[in-house]
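Quick note: residue numbers are just sequence positions, from 1. Just so you know, ligand 1 is whichever comes first in the structure, and atom 1 is the first atom listed for that ligand. The basis for the numbers below is simple: all heavy atoms, side chains too, and nothing from hydrogens, waters or symmetry mates.
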Amino acid sequence: MNYTQDVKDVIGEWGADLVGIADLDPLRGIDTSPETLLDPFTRAVSLAVRLPHAAFEMISDRPTPIYAAIYQTANRLLDDIAFRIAQKLQNDGWSALPIPASQVLDRENWYGAVSHKAVARVAGLGWQGKNLLLITPQYGSRVRLVTVLTDAPLVADAPLENRCGACSRCQDACPAGAIKGVATRDYYRDRDEAMYFDRCALKLAGEFAALPNIGVPICGICIRVCPHSRQVGM
Ligand code: B12
C-alpha cells in the first residue's frame, strides 16, 4: 500500500489532479491496438488533468480557438506526466508503457490504442456518462485522461456508480443530435449504444475542425452543459 501511495503522491506533484489504479482483469477483451497490448500488464495507472473551467464557459455553439490550444497543451502535459510515471516504475524494477493521450490510430473508425475512459472508469476516477465521456465527481467531464500500463504490484481502486440519473442536458445540447440519452448502470458495451457516433465524428472532424484557428476534432458542448461539470470551481 505504501508503494502505491508513494506513486500516487509523486504523480500529484507532477501535475495530475486525479489518479487511480485499474485492475486490468475486467478490461481483458476490450478493443486495443495491437490486440495483445494489455497482455504483459496487470495494472494501469489512470490519471486526469483538470481543464480551466473558464475555457468551457466561453463555448456557446462551437469550439473556440482558446479551447483548441488548451486541448493541445493538456495532451502534452498528460504525455509528459505519463512518460515520467513509466520512467519511475521502470527505474523501480517494473515494466511500464505510457499510452499517448490523444493518438488516433484508425481515422476511419476513430480508435486509439486503448480507451482511456474505460481504464479510468475501472480505476475509480468516475463513471461513463450519457455523453459517453468519463464524468468525475470532482470536476465533471472537464478533465483529460491518460493511461500507463504496468506490471508493478499496485493496489487497485474500485469503480464508482453512475450518477447521471434522469438528466438529459448533454442530449438536449449536442449540436450534432448525436447523444441517444440511454442510461447505463456501469458502461456502454459499444459506443453505438450511447451515441449516433457518425454524427459526432462528422461534426467534429469535419465542420468544427475546419473553423478558423481550430484544426483539431473538438467541440466541448456536452462537457459544458453537464451539471456535474458546472457545479465545481465556479
Ligand atoms: C478517437 C477519439 C475521438 C473520436 C471518436 C470518439 C469516440 N466516442 O469514440 C472523435 C474525434 C469523434 C472524438 C470526440 C471527442 N473526444 Co475524443 N478521443 C478519441 C480517442 C483518441 C480514442 C477513443 C477510442 O479509441 N474509442 C474507442 C471506443 C470504442 O472506446 P470508448 O467509447 O472509450 O469505450 C468503449 C469500451 O471501452 C467500453 N467500456 C467502457 N468502459 C468499460 C469498462 C469495462 C470493464 C469494459 C469491459 C468495457 C468498457 O464501452 C465503450 C463502448 O464500446 C480518445 C483517447 C483514448 N485513447 O482513449 C479521445 C477521448 C475519448 N476524447 C476525449 C474528448 C474530451 C472528446 C470530445 C469532448 C472532444 C473535445 N475535446 O472537445 C469529443 C466527445 C465525443 C463524445 N461525446 O464521445 C477525451 C475524453 C475525456 C473524458 N472526460 O472522458 C479522450 C479520452 C482524450 C483524453 N486524453 O482525455 N474523440
Yes or no: does [X] have any heavy atom under 4.0 Å from an atom of ligand 1?
| X | result |
| --- | --- |
| V114 | yes |
| M195 | yes |
| A205 | no |
| V143 | yes |
| R142 | no |
| D31 | no |

Please check whether [X] reaches ligand 1 - meaning an N/O of the residue sits under 3.5 Å from an N/O of the ligand, judged on distance alone.
| X | value |
| --- | --- |
| S102 | no |
| I223 | no |
| S115 | yes |
| C219 | yes |
| L145 | yes |

Between side-chain atoms of residues 61-71 and protein atoms elsewhere (two or more places apart, or another chain), which donor-acceptor pairs fall under 3.5 Å?
from, atom 1, to, atom 2, distance (Å)
T64, OG1, Y67, N, 3.1
Y71, OH, S102, OG, 3.4

Does NZ or CZ of R199 fall inside the cone over F197's six-membered ring, less than 6.0 Å from its centre and within 45° of the axis?
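Geometry flag: not set, cation outside 6.0 Å or 45°.
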